[in-house]
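Chain naming here is simple, since letters A, B, ... match the order of the sequence lines and numbering starts at 1 in each.
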Amino acid sequence: MPELPEVETIKQQLAACIVGKQFSDLAISDGKPLRRISSGNFRKRLIGQEIKEVGRSGKYLLVRLANGSTLIIHLRMTGALLLNPKNTERFTRVTFKFTDGGELVFTDVRRFGAMYLVKDEKDVVGKLGLEPLSDEFTPGILAKLLAKRKAPIKAVLLDQTVIAGIGNMYADEALFSARVHPMRKAGDLLPFETKNLHKAIRDVLTKAIGKKGASISTYKCPSGELGTAHFDFRVAHRGGEKCPKCKTVIQRVKTRNRSSYYCPKCQKD
DNA sequence: CATTGTCCCTGGAAGC
DNA sequence: TGCTTCCAGGGACAAT
């Protein structure tokens with residue numbers, strides 16, 4: 001599931017490969033990913049455009065174009081972007097073709113993925129919270145963001161308007177690192193716990209970027225490679241397995257239809 | 001505003 | 001073997 005480390009990996013690979021290329025054609029076999037725009041307008045406004053830059057905001061990929069507009073892509077659960085795939089991909093939704101003959105293929109089994117073409121990026125990413133790997137994200141700021149909140153810390157970490165880019169897997173991993181139970185009220189965290197959590201978030205995300213993300217489910221890099229970050233997961237998606245620290249069986253709780261995996265001994269409630 | 005619940009979507013795994 | 005149920009979960013939106 002693409003979260004910040006996966007989208008960052010995609011951004012880096014695309015930045016190295018598609019900047020300077022020009023769209024020659026688009027094949028849209030499923031228009032559902034296109035939001036706020038028709039297939040016809042989407043094609044018309046993209047064909048002929050040159051790619052200037054590739055950026056990222058939270059889990060959104062920003063493909064900036066020569067005319068000042070931005071193609072924004074969110075992969076949601078099962079979306080993937082593949083550069084010149086060798087095989088025909090089964091769940092191809094949109095194929096972007098370049099004047100040099102290359103292709104960027106968007107695949108998405110579950111069809112949750114979203115694409116926008118906007119003049120102002122803020123129309124899509126304007127409400128996102130802090131970038132957790134930016135300099136502005138400090139222990140003090142995190143403490144302020146969590147203060148007085150009554151929702152479980154897990155729910156607040158997943159709220160993209162608070163911190164942008166953390167998803168279910170990395171939230172579980174960061175909470176395990178910081179030894180904080182996912183159902184603790186966010187506002188009740190002690191100062192040392194907030195500090196540990198801040199460090200844990202940054203460590204977990206940074207390490208995962210170094211491993212090209214986690215290939216749980218359908219995630220692949222644009223190059224076709226798989227990420228290896230999931231081999232380092234200690235609790236995420238490991239319900240029923242043993243905690244690597246204390247051997248207690250890892251539990252699962254549900255909040256807002258999302259599973260949280262945690263060690264009941266290492267993460268006290 | 002803060003918070004919670006529902007829905008979207010589909011294939012693969014697990015259970016009977 | 002074949003059917004049913006569960007599971008994965010980001011974000012839009014509605015309700016409280």
Undergrad: Just the rounded figure in Å: distance from P of B/dC9 to CG of A/Leu75.
TA: 18 Å
Undergrad: Can the ring centroids of A/Phe176 and A/Tyr262 be said to lie less than 6.0 angstrom from one another?
TA: no
Undergrad: The side chain of A/His74 lies closest to which of these nucleotides: C/dG11, B/dT3, B/dC7?
TA: C/dG11
Undergrad: Take the angle between the ring planes of A/Phe233 and A/Tyr170 and call it parallel below 30°, perpendicular above 60°, tilted in between.
TA: perpendicular
Undergrad: Are OP1 or OP2 of C/dA8 and a side-chain N or O of A/Ser259 less than 4.0 angstrom apart?
TA: yes
Undergrad: Let me know which of A/Glu173, A/Lys154, A/His237 forms a side-chain hydrogen bond (donor to acceptor under 3.5 Å, both in side chains) with A/Asn168.
TA: A/Lys154
Undergrad: How long is the line joining NZ of A/Lys59 and C1' of C/dG11, in whole Å?
TA: 9 Å
Undergrad: Kindly say whether the aromatic ring centers of A/Phe96 and A/Phe23 come within a distance under 6.0 Å.
TA: yes
Undergrad: Does the base of C/dG11 carry an N or O that pairs as donor and acceptor with the side chain of A/Arg76 under 3.5 Å?
TA: no
Undergrad: Choosing from B/dT4, B/dG11, B/dC8, which nucleotide comes nearest the side chain of A/Pro152?
TA: B/dT4
Undergrad: Would you kindly check whether a donor in the side chain of A/Arg110 faces an acceptor in the base of C/dA8, or vice versa, at under 3.5 angstrom?
TA: yes
Undergrad: Check the distance between B/dT3's P and A/Met183's CE and give it to me in whole angstrom.
TA: 13 Å
